[in-house]
*Asks:* 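The structure follows.
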Amino acid sequence: MTGPRIFAKWRSWSPQLRSVLRIVAAFLFFQFGSAKWFAFPAAIIPGGGTAPLGSLVWFASVLEVVGGTLLLLGLFTRPVAFVVAGEMAFAYFIGHAPNGFWPVLNQGHPAILFCFVWLYLSAAGAGPWSLDALRERASRSPAP
């Protein structure tokens with residue numbers, strides 16, 4: 001197989017890889033929320049435990065668990081991804097940027113990456129391996 005044919009074949013996997021990106025990122029995103037909301041798989045709140053009910057961190061954890069679940073399933077991907085991209089932008093500028101300019105030093109690099117992955121998916125959609133794609137196929141098929 002020649003070089004251009006290999007690249008063309010690889011390029012044809014782009015939609016499926018978008019689904020893989022969404023699934024893996026959502027799984028990681030969910031874990032950040034569940035660690036803050038339920039202290040599962042471990043507590044990450046300073047001092048241990050869970051986020052105080054009604055606090056900014058608690059609201060973020062709810063968005064991350066609910067949004068992460070919906071994104072993992074690929075359900076309502078575009079609006080959910082847009083909302084959590086905004087949440088990650090706020091998280092960076094409220095929680096990380098005040099601690100210094102460099103994201104690797106202020107521990108803000110996950111928030112930045114999540115922000116831009118979600119922003120991309122809000123425009124590109126969930127990909128073929130999603131409930132959104134299943135719903136779209138069902139709506140296009142003729143009624144019996």
Side-chain angles (χ1 to χ4, degrees), residues 1-45 49-99 101-144:
M1 192 179 266
T2 63
R5 289 180 58 204
I6 291 172
F7 292 129
K9 180 97 171 140
W10 183 243
R11 196 175 306 122
S12 74
W13 276 87
S14 179
Q16 290 82 2
L17 290 172
R18 184 172 7 117
S19 290
V20 171
L21 172 65
R22 174 187 48 80
I23 291 164
V24 170
F27 178 67
L28 296 172
F29 192 65
F30 173 88
Q31 289 178 59
F32 276 98
S34 68
K36 290 181 273 198
W37 197 4
F38 307 117
F40 177 82
I44 61 171
I45 300 294
T50 59
L53 183 66
S55 68
L56 198 57
V57 174
W58 181 84
F59 281 107
S61 68
V62 171
L63 279 172
E64 291 161 14
V65 167
V66 174
T69 301
L70 290 170
L71 289 167
L72 184 69
L73 298 171
L75 185 61
F76 308 117
T77 300
R78 290 178 194 268
V80 171
F82 187 77
V83 168
V84 294
E87 180 221 346
M88 289 292 95
F90 274 99
Y92 181 77
F93 287 109
I94 291 171
H96 299 284
N99 297 322
F101 176 77
W102 299 106
V104 73
L105 299 179
N106 68 26
Q107 302 300 306
H109 51 288
I112 293 170
L113 280 171
F114 280 129
C115 179
F116 283 96
V117 167
W118 302 145
L119 192 61
Y120 166 69
L121 290 174
S122 74
W129 299 336
S130 65
L131 292 179
D132 287 343
L134 188 64
R135 289 173 55 233
E136 187 177 319
R137 284 191 300 271
S139 71
R140 282 187 299 192
S141 65

*Asks:* Donor-acceptor pairs under 3.5 Å, side chain of residues 81-91 to any protein atom, not counting sequence neighbours: which ones?
*Replies:*
none

*Asks:* Within the distance-only criterion (no hydrogens, no angle test), does the side chain of Thr77 pair as donor or acceptor with the backbone N or O of Gly125 below 3.5 angstrom?
*Replies:* no
*Asks:* Looking at Val20 and Trp129, what are the two nearest heavy atoms and their distance?
*Replies:* CG2-CZ3, 3.7 Å
*Asks:* Rounded to the nearest 0.5 Å, how far apart are CZ of Phe101 and NE2 of His96?
*Replies:* 15.5 Å
*Asks:* Cut-off 3.5 Å, no hydrogens considered: what does the side-chain donor-acceptor table look like for residues 53-73, sequence neighbours left out?
*Replies:*
{"residue": "Ser55", "atom": "OG", "partner": "Pro52", "partner atom": "O", "Å": "2.7"}
{"residue": "Ser55", "atom": "OG", "partner": "Trp58", "partner atom": "N", "Å": "3.1"}
{"residue": "Ser61", "atom": "OG", "partner": "Trp58", "partner atom": "O", "Å": "2.6"}
{"residue": "Glu64", "atom": "OE1", "partner": "Gly33", "partner atom": "N", "Å": "3.3"}
{"residue": "Glu64", "atom": "OE1", "partner": "Lys36", "partner atom": "NZ", "Å": "2.7"}
{"residue": "Glu64", "atom": "OE2", "partner": "Lys36", "partner atom": "NZ", "Å": "3.0"}
{"residue": "Thr69", "atom": "OG1", "partner": "Val65", "partner atom": "O", "Å": "2.7"}

*Asks:* How far does OG of Ser130 sit from CZ of Phe76, to the nearest 0.5 angstrom?
*Replies:* 11.5 Å
*Asks:* Quick check: are there more than 12 heavy atoms from other residues, nucleotides or ligands sitting under 6.0 Å from CZ of Phe38?
*Replies:* yes
*Asks:* Without swapping roles, check the side chain of Thr50 against the backbone of Ala43 for a donor-acceptor pair under 3.5 Å.
*Replies:* no
*Asks:* Can you check whether Gln16 reaches Pro128 side chain to side chain, under 4.5 Å on heavy atoms?
*Replies:* yes
*Asks:* Test Leu134 against Arg137 for side-chain contact (heavy atoms from CB on, under 4.5 Å), laying out the working first.
*Replies:* CA-CA 5 Å; Leu134 188 64; Arg137 284 191 300 271; 3.7 Å; yes
*Asks:* Is there a donor-acceptor pair closer than 3.5 Å between any side-chain N or O of Arg22 and the backbone N or O of Leu121?
*Replies:* no
*Asks:* What are the two closest non-hydrogen atoms of Ser34 and Pro41, and how far apart are they?
*Replies:* OG-CD, 4.1 Å
*Asks:* Please test Leu17 against Trp10 for side-chain contact (heavy atoms from CB on, under 4.5 Å), starting from the C-alpha separation and ending with a verdict.
*Replies:* CA-CA 10 Å; Leu17 290 172; Trp10 183 243; 3.7 Å; yes
*Asks:* Please identify each residue that fulfils salt bridge (charged side-chain N to carboxylate O under 4.0 Å, His left out) with Arg135, with sequence neighbours left out.
*Replies:* Asp132
*Asks:* Rounded to the nearest 0.5 Å, how far does CZ of Phe116 lie from CD1 of Ile112?
*Replies:* 7.5 Å
*Asks:* For Tyr92, is the OH atom crowded, meaning more than 12 foreign heavy atoms sit under 6.0 Å from it?
*Replies:* yes
*Asks:* Give the minimum heavy-atom separation between Pro98 and Ile94, together with the two atoms involved.
*Replies:* CG-O, 3.5 Å
*Asks:* Kindly compute the distance separating CZ (Phe30) from CH2 (Trp37), expressed to the nearest 0.5 Å.
*Replies:* 9.0 Å
*Asks:* On a heavy-atom basis, which atom in Ala25 and which in Val117 lie closest, and how many Å separate them?
*Replies:* CB-CG1, 4.1 Å
